[in-house]
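What follows is a short report on a single structure.
No experiment lies behind these values; they were computed from the predicted model shown.
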Amino acid sequence: MHSNTLRVLAYHRIDDPGDTPRLDPRLISAPPQIFERQMRHVARHFHAVSMEEVLDAVEKGAHLPKKAVLITFDDAYVDFATHAWPVLKKLQLPVTVFVPTAYPDHPDRAFWWDRLHQAVSETSKTVLNSIPIGPLYLRSEEERDQNLRKLRKYTKTLPYVQAIAMVDEICAELGSKQVIQKSVLSWEELRQLAREGVTIGAHTQTHPILTQLPPERIRQEVAGSQQDLQREIGSVLPVFCYPNGDCNDTVVRILQEEGFVTAYTMQDGQNNLGSVDALRLCRTSITRRTSPLIFQLRLLTPFSYLDKWRHRKQSMKS
(Lines give C-alpha, C1' and ligand atoms only; values in the text may rest on other atoms or scores of the structure.)
Protein backbone atom coordinates (compact mmCIF):
# COMPACT_ATOMS: atom_id res chain seq x y z
CA MET A 1 0.00 0.00 0.00
CA HIS A 2 1.62 3.23 -1.19
CA SER A 3 1.42 6.63 0.43
CA ASN A 4 -1.36 7.80 -1.89
CA THR A 5 -3.51 4.71 -1.27
CA LEU A 6 -6.44 4.76 1.15
CA ARG A 7 -8.69 1.97 2.40
CA VAL A 8 -11.96 3.18 3.95
CA LEU A 9 -13.91 0.97 6.38
CA ALA A 10 -17.70 1.40 6.47
CA TYR A 11 -19.59 0.45 9.64
CA HIS A 12 -23.20 0.99 10.69
CA ARG A 13 -23.95 -0.51 14.10
CA ILE A 14 -21.92 -2.21 16.83
CA ASP A 15 -24.20 -4.29 19.04
CA ASP A 16 -25.49 -7.75 19.89
CA PRO A 17 -28.73 -8.48 17.97
CA GLY A 18 -30.60 -9.63 21.05
CA ASP A 19 -30.08 -6.31 22.81
CA THR A 20 -32.18 -4.33 20.30
CA PRO A 21 -34.78 -6.74 18.84
CA ARG A 22 -36.87 -3.92 17.34
CA LEU A 23 -34.00 -2.72 15.13
CA ASP A 24 -32.99 -4.43 11.91
CA PRO A 25 -30.09 -6.76 12.82
CA ARG A 26 -28.74 -6.58 9.26
CA LEU A 27 -27.40 -3.12 10.12
CA ILE A 28 -25.14 -4.58 12.81
CA SER A 29 -21.59 -4.57 11.43
CA ALA A 30 -20.08 -6.47 14.35
CA PRO A 31 -20.72 -7.41 17.99
CA PRO A 32 -18.70 -5.27 20.43
CA GLN A 33 -16.08 -7.94 21.15
CA ILE A 34 -15.41 -8.59 17.45
CA PHE A 35 -15.25 -4.87 16.71
CA GLU A 36 -12.57 -4.40 19.36
CA ARG A 37 -10.53 -7.22 17.80
CA GLN A 38 -10.86 -5.56 14.41
CA MET A 39 -9.75 -2.18 15.73
CA ARG A 40 -6.80 -3.68 17.60
CA HIS A 41 -5.71 -5.24 14.31
CA VAL A 42 -5.96 -1.85 12.58
CA ALA A 43 -4.03 -0.16 15.39
CA ARG A 44 -1.32 -2.80 15.32
CA HIS A 45 -0.77 -3.21 11.57
CA PHE A 46 -2.09 -0.08 9.83
CA HIS A 47 -2.17 3.70 10.13
CA ALA A 48 -5.64 5.00 10.95
CA VAL A 49 -5.90 8.50 9.47
CA SER A 50 -8.30 11.33 10.20
CA MET A 51 -10.70 12.91 7.73
CA GLU A 52 -8.59 16.08 7.89
CA GLU A 53 -5.57 14.12 6.66
CA VAL A 54 -7.59 12.72 3.77
CA LEU A 55 -8.76 16.21 2.79
CA ASP A 56 -5.16 17.46 2.87
CA ALA A 57 -4.15 14.60 0.57
CA VAL A 58 -6.98 15.38 -1.86
CA GLU A 59 -6.75 19.18 -1.83
CA LYS A 60 -3.05 19.80 -1.24
CA GLY A 61 -1.40 16.62 -2.46
CA ALA A 62 -0.12 15.74 1.01
CA HIS A 63 1.12 12.16 1.38
CA LEU A 64 -0.76 9.75 3.57
CA PRO A 65 1.25 7.25 5.62
CA LYS A 66 1.67 3.77 4.22
CA LYS A 67 -1.21 1.40 5.01
CA ALA A 68 -3.59 4.30 5.57
CA VAL A 69 -7.08 3.37 6.79
CA LEU A 70 -10.04 5.70 7.35
CA ILE A 71 -12.75 4.46 9.75
CA THR A 72 -16.33 5.63 9.06
CA PHE A 73 -19.77 5.01 10.56
CA ASP A 74 -23.10 5.67 8.85
CA ASP A 75 -26.43 6.75 10.37
CA ALA A 76 -25.27 7.82 13.87
CA TYR A 77 -27.00 5.00 15.75
CA VAL A 78 -26.90 5.26 19.54
CA ASP A 79 -24.68 2.20 19.86
CA PHE A 80 -21.79 4.11 18.27
CA ALA A 81 -21.44 6.06 21.52
CA THR A 82 -22.03 3.08 23.80
CA HIS A 83 -19.94 0.41 22.05
CA ALA A 84 -17.77 1.78 19.23
CA TRP A 85 -16.43 5.11 20.49
CA PRO A 86 -15.02 3.78 23.81
CA VAL A 87 -12.88 1.29 21.84
CA LEU A 88 -11.76 3.85 19.26
CA LYS A 89 -11.00 6.41 21.95
CA LYS A 90 -8.97 3.90 23.99
CA LEU A 91 -6.95 2.90 20.93
CA GLN A 92 -6.66 6.54 19.77
CA LEU A 93 -8.14 5.78 16.36
CA PRO A 94 -9.77 8.70 14.49
CA VAL A 95 -13.27 8.15 13.17
CA THR A 96 -15.95 9.94 11.13
CA VAL A 97 -19.69 9.58 11.76
CA PHE A 98 -22.08 10.46 8.92
CA VAL A 99 -25.38 11.80 10.23
CA PRO A 100 -28.82 11.86 8.51
CA THR A 101 -29.75 15.16 10.11
CA ALA A 102 -33.55 14.82 10.28
CA TYR A 103 -33.25 12.08 12.93
CA PRO A 104 -31.33 13.46 15.96
CA ASP A 105 -33.74 14.58 18.72
CA HIS A 106 -36.65 12.87 16.91
CA PRO A 107 -37.15 9.44 18.50
CA ASP A 108 -40.57 9.45 16.82
CA ARG A 109 -38.79 9.06 13.47
CA ALA A 110 -37.48 5.62 12.59
CA PHE A 111 -35.54 4.48 9.55
CA TRP A 112 -37.78 2.66 7.06
CA TRP A 113 -35.75 -0.56 7.28
CA ASP A 114 -36.19 -0.67 11.06
CA ARG A 115 -39.93 -0.07 10.65
CA LEU A 116 -40.20 -2.94 8.17
CA HIS A 117 -38.24 -5.23 10.47
CA GLN A 118 -40.46 -4.44 13.41
CA ALA A 119 -43.67 -4.84 11.40
CA VAL A 120 -42.73 -8.19 9.87
CA SER A 121 -41.08 -9.71 12.94
CA GLU A 122 -43.84 -8.79 15.39
CA THR A 123 -47.04 -9.28 13.37
CA SER A 124 -49.46 -12.11 14.09
CA LYS A 125 -50.57 -12.15 10.46
CA THR A 126 -49.32 -14.86 8.13
CA VAL A 127 -49.57 -13.13 4.74
CA LEU A 128 -48.86 -9.68 3.31
CA ASN A 129 -51.00 -8.73 0.30
CA SER A 130 -50.80 -4.97 -0.17
CA ILE A 131 -47.69 -4.72 -2.36
CA PRO A 132 -46.97 -5.41 -6.06
CA ILE A 133 -44.56 -8.25 -5.26
CA GLY A 134 -47.09 -9.97 -2.96
CA PRO A 135 -48.52 -12.05 -1.58
CA LEU A 136 -45.66 -12.67 0.82
CA TYR A 137 -46.17 -15.41 3.39
CA LEU A 138 -45.04 -14.93 7.00
CA ARG A 139 -45.95 -18.32 8.46
CA SER A 140 -42.50 -19.19 9.80
CA GLU A 141 -39.34 -17.44 10.89
CA GLU A 142 -37.66 -18.61 7.69
CA GLU A 143 -40.43 -17.15 5.50
CA ARG A 144 -40.36 -13.87 7.42
CA ASP A 145 -36.63 -13.53 7.02
CA GLN A 146 -36.70 -14.42 3.32
CA ASN A 147 -39.58 -12.08 2.49
CA LEU A 148 -38.18 -9.27 4.61
CA ARG A 149 -35.08 -9.41 2.40
CA LYS A 150 -37.36 -9.17 -0.66
CA LEU A 151 -39.14 -6.18 0.85
CA ARG A 152 -35.88 -4.35 1.58
CA LYS A 153 -34.59 -4.97 -1.92
CA TYR A 154 -37.85 -3.88 -3.57
CA THR A 155 -38.16 -0.76 -1.40
CA LYS A 156 -34.75 0.46 -2.57
CA THR A 157 -35.94 0.39 -6.19
CA LEU A 158 -38.79 2.86 -5.56
CA PRO A 159 -38.73 6.67 -5.59
CA TYR A 160 -38.39 7.87 -2.00
CA VAL A 161 -41.93 9.22 -1.53
CA GLN A 162 -43.43 6.05 -3.02
CA ALA A 163 -41.13 3.87 -0.89
CA ILE A 164 -42.13 5.56 2.37
CA ALA A 165 -45.83 5.38 1.40
CA MET A 166 -45.46 1.65 0.78
CA VAL A 167 -43.73 1.13 4.15
CA ASP A 168 -46.59 3.02 5.83
CA GLU A 169 -49.10 0.77 4.07
CA ILE A 170 -47.25 -2.40 5.04
CA CYS A 171 -47.02 -1.34 8.68
CA ALA A 172 -50.75 -0.57 8.70
CA GLU A 173 -51.69 -3.91 7.12
CA LEU A 174 -49.52 -5.86 9.56
CA GLY A 175 -50.90 -3.95 12.54
CA SER A 176 -47.54 -2.45 13.52
CA LYS A 177 -47.80 0.30 16.10
CA GLN A 178 -44.61 2.32 16.10
CA VAL A 179 -42.99 2.33 19.52
CA ILE A 180 -41.13 5.54 20.29
CA GLN A 181 -37.58 4.33 20.70
CA LYS A 182 -34.46 6.45 20.48
CA SER A 183 -32.13 4.82 17.97
CA VAL A 184 -30.11 7.82 16.71
CA LEU A 185 -27.77 9.99 18.74
CA SER A 186 -29.10 13.35 19.91
CA TRP A 187 -27.56 16.65 18.84
CA GLU A 188 -26.07 17.14 22.30
CA GLU A 189 -24.53 13.69 22.18
CA LEU A 190 -23.12 14.44 18.73
CA ARG A 191 -21.72 17.76 19.98
CA GLN A 192 -20.04 15.95 22.86
CA LEU A 193 -18.53 13.39 20.49
CA ALA A 194 -17.26 16.22 18.29
CA ARG A 195 -15.65 17.85 21.32
CA GLU A 196 -13.92 14.54 22.06
CA GLY A 197 -12.48 14.33 18.55
CA VAL A 198 -15.07 12.53 16.42
CA THR A 199 -15.49 14.03 12.93
CA ILE A 200 -19.15 14.60 12.02
CA GLY A 201 -20.13 14.47 8.34
CA ALA A 202 -23.25 14.97 6.22
CA HIS A 203 -25.44 12.01 5.16
CA THR A 204 -28.49 13.88 3.76
CA GLN A 205 -31.41 14.88 5.95
CA THR A 206 -33.94 12.04 5.54
CA HIS A 207 -31.67 9.31 4.06
CA PRO A 208 -33.24 8.92 0.59
CA ILE A 209 -31.40 7.20 -2.25
CA LEU A 210 -30.31 10.32 -4.10
CA THR A 211 -30.31 8.80 -7.57
CA GLN A 212 -34.10 8.39 -7.29
CA LEU A 213 -34.76 12.08 -6.58
CA PRO A 214 -35.21 15.08 -8.90
CA PRO A 215 -32.27 17.54 -8.91
CA GLU A 216 -33.99 20.16 -6.75
CA ARG A 217 -34.71 17.59 -4.03
CA ILE A 218 -31.15 16.24 -4.24
CA ARG A 219 -29.82 19.73 -3.60
CA GLN A 220 -32.21 20.21 -0.69
CA GLU A 221 -31.06 16.98 0.97
CA VAL A 222 -27.36 17.66 0.34
CA ALA A 223 -27.20 21.33 1.23
CA GLY A 224 -29.76 21.01 4.01
CA SER A 225 -27.81 18.31 5.81
CA GLN A 226 -24.64 20.40 5.77
CA GLN A 227 -26.54 23.45 7.01
CA ASP A 228 -28.06 21.39 9.82
CA LEU A 229 -24.58 20.26 10.90
CA GLN A 230 -23.22 23.80 10.78
CA ARG A 231 -26.12 25.01 12.92
CA GLU A 232 -25.89 22.22 15.50
CA ILE A 233 -22.20 21.28 15.53
CA GLY A 234 -20.46 24.41 14.27
CA SER A 235 -17.63 24.22 11.79
CA VAL A 236 -17.79 20.93 9.85
CA LEU A 237 -15.70 19.51 7.03
CA PRO A 238 -16.91 19.41 3.38
CA VAL A 239 -17.38 15.63 3.38
CA PHE A 240 -20.42 13.59 2.45
CA CYS A 241 -21.65 9.99 2.46
CA TYR A 242 -24.22 8.75 -0.08
CA PRO A 243 -27.19 6.85 1.41
CA ASN A 244 -26.96 3.25 0.22
CA GLY A 245 -23.74 4.35 -1.50
CA ASP A 246 -25.63 5.40 -4.66
CA CYS A 247 -24.62 8.34 -6.82
CA ASN A 248 -24.59 9.39 -10.48
CA ASP A 249 -23.25 12.31 -12.49
CA THR A 250 -26.13 14.60 -11.47
CA VAL A 251 -25.66 13.87 -7.76
CA VAL A 252 -21.88 14.37 -7.98
CA ARG A 253 -22.29 17.64 -9.87
CA ILE A 254 -24.62 18.99 -7.17
CA LEU A 255 -22.12 18.00 -4.46
CA GLN A 256 -19.40 19.88 -6.34
CA GLU A 257 -21.61 22.95 -6.62
CA GLU A 258 -22.35 22.80 -2.89
CA GLY A 259 -18.64 22.79 -2.05
CA PHE A 260 -18.05 19.19 -0.97
CA VAL A 261 -14.51 17.88 -1.46
CA THR A 262 -14.83 14.16 -0.71
CA ALA A 263 -17.81 11.80 -0.79
CA TYR A 264 -18.11 8.11 -0.03
CA THR A 265 -19.91 5.31 -1.86
CA MET A 266 -20.36 1.63 -0.99
CA GLN A 267 -18.33 0.52 -4.01
CA ASP A 268 -15.68 -1.80 -2.66
CA GLY A 269 -11.96 -1.40 -3.19
CA GLN A 270 -9.04 0.83 -2.32
CA ASN A 271 -8.58 4.45 -3.42
CA ASN A 272 -5.55 5.90 -5.15
CA LEU A 273 -5.97 9.54 -4.18
CA GLY A 274 -3.72 10.63 -7.04
CA SER A 275 -6.15 9.39 -9.68
CA VAL A 276 -9.55 8.57 -8.16
CA ASP A 277 -12.60 10.86 -8.26
CA ALA A 278 -12.65 12.20 -4.70
CA LEU A 279 -16.46 12.45 -4.83
CA ARG A 280 -16.77 8.71 -5.59
CA LEU A 281 -14.46 7.15 -3.03
CA CYS A 282 -14.70 3.42 -2.37
CA ARG A 283 -15.33 1.84 1.02
CA THR A 284 -15.12 -1.66 2.44
CA SER A 285 -18.42 -2.55 4.10
CA ILE A 286 -18.00 -4.57 7.30
CA THR A 287 -20.81 -6.96 8.27
CA ARG A 288 -21.35 -9.67 10.85
CA ARG A 289 -20.28 -12.18 8.19
CA THR A 290 -16.81 -10.59 8.19
CA SER A 291 -14.82 -13.08 10.25
CA PRO A 292 -11.52 -11.98 11.85
CA LEU A 293 -9.57 -13.71 9.07
CA ILE A 294 -11.68 -12.16 6.31
CA PHE A 295 -11.33 -8.76 7.97
CA GLN A 296 -7.56 -9.05 7.89
CA LEU A 297 -7.53 -10.22 4.27
CA ARG A 298 -9.85 -7.48 3.04
CA LEU A 299 -7.42 -4.85 4.26
CA LEU A 300 -4.70 -6.23 1.99
CA THR A 301 -4.15 -4.80 -1.49
CA PRO A 302 -4.59 -8.02 -3.53
CA PHE A 303 -8.01 -8.64 -2.02
CA SER A 304 -9.27 -5.19 -3.07
CA TYR A 305 -9.39 -6.49 -6.66
CA LEU A 306 -11.40 -9.50 -5.53
CA ASP A 307 -13.77 -7.17 -3.67
CA LYS A 308 -14.28 -5.06 -6.81
CA TRP A 309 -15.00 -8.14 -8.91
CA ARG A 310 -17.47 -9.46 -6.36
CA HIS A 311 -19.21 -6.07 -6.14
CA ARG A 312 -19.61 -5.90 -9.92
CA LYS A 313 -21.00 -9.45 -9.98
CA GLN A 314 -23.55 -8.62 -7.26
CA SER A 315 -24.55 -5.41 -9.08
CA MET A 316 -25.18 -7.36 -12.28
CA LYS A 317 -27.40 -9.83 -10.41
CA SER A 318 -29.48 -7.03 -8.85
Side-chain angles (χ1 to χ4, degrees), residues 8 10-12 24 26-27 51 54-55 58 70 72-77 96-104 106 109-116 151-168 184 199-232 236-269 271 276-285 311-312 314-316 318:
V8 185
Y11 289 89
H12 285 83
D24 187 348
R26 288 170 60 91
L27 269 288
M51 187 63 77
V54 175
L55 286 174
V58 170
L70 178 69
T72 65
F73 274 78
D74 292 6
D75 301 339
Y77 273 98
T96 297
V97 175
F98 292 108
V99 182
T101 57
Y103 290 88
H106 284 281
R109 297 174 183 170
F111 294 120
W112 65 261
W113 53 87
D114 287 330
R115 294 181 61 204
L116 277 183
L151 282 174
R152 292 190 197 99
K153 186 175 181 179
Y154 178 66
T155 303
K156 290 181 179 181
T157 68
L158 300 175
Y160 182 69
V161 173
Q162 185 178 342
I164 297 305
M166 186 192 72
V167 171
D168 289 342
V184 174
T199 299
I200 307 296
H203 194 35
T204 72
Q205 292 179 304
T206 63
H207 204 284
I209 295 178
L210 293 176
T211 54
Q212 296 171 348
L213 297 181
E216 63 273 12
R217 180 67 192 281
I218 296 172
R219 191 177 302 277
Q220 176 185 337
E221 289 281 347
V222 168
S225 61
Q226 189 75 335
Q227 292 164 5
D228 291 341
L229 293 182
Q230 290 167 345
R231 182 189 67 247
E232 298 290 346
V236 290
L237 298 177
V239 299
F240 188 85
C241 177
Y242 301 108
N244 203 49
D246 292 0
C247 65
N248 56 24
D249 290 344
T250 298
V251 174
V252 171
R253 174 180 55 79
I254 290 173
L255 257 70
Q256 287 176 319
E257 293 171 355
E258 294 299 329
F260 287 93
V261 175
T262 64
Y264 297 84
T265 70
M266 292 303 288
Q267 171 74 47
D268 220 322
N271 303 284
V276 72
D277 183 347
L279 292 175
R280 303 178 195 256
L281 293 175
C282 298
R283 294 193 296 170
T284 297
S285 179
H311 183 92
R312 283 197 298 268
Q314 291 173 345
S315 299
M316 291 173 64
S318 60

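Atom CD of Glu232 is separated from atom CD of Gln227 by 12.5 Å, given to the nearest 0.5 angstrom. In this structure, CH2 on Trp113 lies 6.0 Å from CG on Leu27, to the nearest 0.5 angstrom. With rounding to the nearest 0.5 angstrom, the CE atom of Met266 is 7.5 Å from the SG atom of Cys241. Here OG1 of Thr265 is found 10.5 Å from CG of Asn244. Values are rounded to the nearest 0.5 Å. Remark: Leu210 CG to Tyr242 OH distance equals 8.5 Å, nearest 0.5 Å. Taking CG from Leu255 and OG1 from Thr262, the interatomic distance works out to 9.5 Å, rounded to the nearest 0.5 Å.
When all heavy atoms of Phe240 and Phe98 are compared, the pair lying nearest together is C-CE2, 3.9 Å. In plain terms, the two heavy atoms of Asp249 and Arg280 that are nearest each other are OD1-NH2, 2.6 Å. Summarising the geometry of Leu213 relative to Ile218, their closest heavy-atom pair is O-CD1, 3.5 Å, with the distance given to 0.1 Å. Listed here is the closest heavy atom pair of Val99 and Pro104: CG1-CG, 3.9 Å. In terms of heavy atoms, Gly259 sits closest to Pro238 at O-CB, 3.4 Å. The shortest heavy-atom contact between Pro215 and Ile254 is O-CD1, 3.6 Å.
Side-chain contact between Val184 and Asp75 is absent, with no heavy atoms from C-beta onward closer than 4.5 Å. Taking 4.5 Å as the limit, some side-chain heavy atom of Phe111 sits within range of a side-chain heavy atom of Tyr77. Annotation: side chain of Gln212 is not in contact with side chain of Leu158 (no heavy-atom distance under 4.5 Å). Val222 has its side chain within reach of Phe260: a pair of non-hydrogen atoms, C-beta onward, lies under 4.5 Å apart. By the 4.5 Å heavy-atom criterion applied to side chains, Tyr264 and Thr96 are not counted as neighbours. By the 4.5 Å heavy-atom criterion applied to side chains, Leu116 and Asp24 are not counted as neighbours.
Within the 3.5 Å criterion, the main-chain N or O of Thr101 finds no donor-acceptor partner in the side chain of Gln205. Under the 3.5 Å distance criterion, the side-chain polar atoms of Tyr160 are matched with a main-chain donor or acceptor of Thr206. Judged by distance alone, with hydrogens and angles left aside, the side-chain atoms of Arg109 form a donor-acceptor pair with the main-chain N or O of Ala102 at under 3.5 Å. Under a 3.5 Å cut-off, the side chain of Asp74 and the backbone N or O of His12 do not form any donor-acceptor pair. With hydrogens and angles ignored, the 3.5 Å screen pairs no side-chain donor or acceptor of Gln267 with any backbone N or O of Gly245.
Each of Val239, Leu281, Val261, Asn271 was compared with Val58 under the side-chain contact (heavy atoms from CB on, under 4.5 Å) criterion, and only Val261 meets it. Under the side-chain hydrogen bond (donor to acceptor under 3.5 Å, both in side chains) rule, Asp228 has a single partner from Gln226, Gln230, Arg231, which is Arg231.
Using cut-offs of 30° and 60° for the angle between ring planes, the His207 and His203 rings count as perpendicular.
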Subject >> Chi angles and distances behind the side chain to side chain contact (heavy atoms under 4.5 Å, CB included) call for Asp246, Lys156 >> reply: CA-CA 11 Å; Asp246 292 0; Lys156 290 181 179 181; over 6 Å; no
**OP:** Run the numbers on Asp168 and Arg115 for side chain to side chain contact (heavy atoms under 4.5 Å, CB included), then give the verdict.
**Re:** CA-CA 9 Å; Asp168 289 342; Arg115 294 181 61 204; 2.8 Å; yes
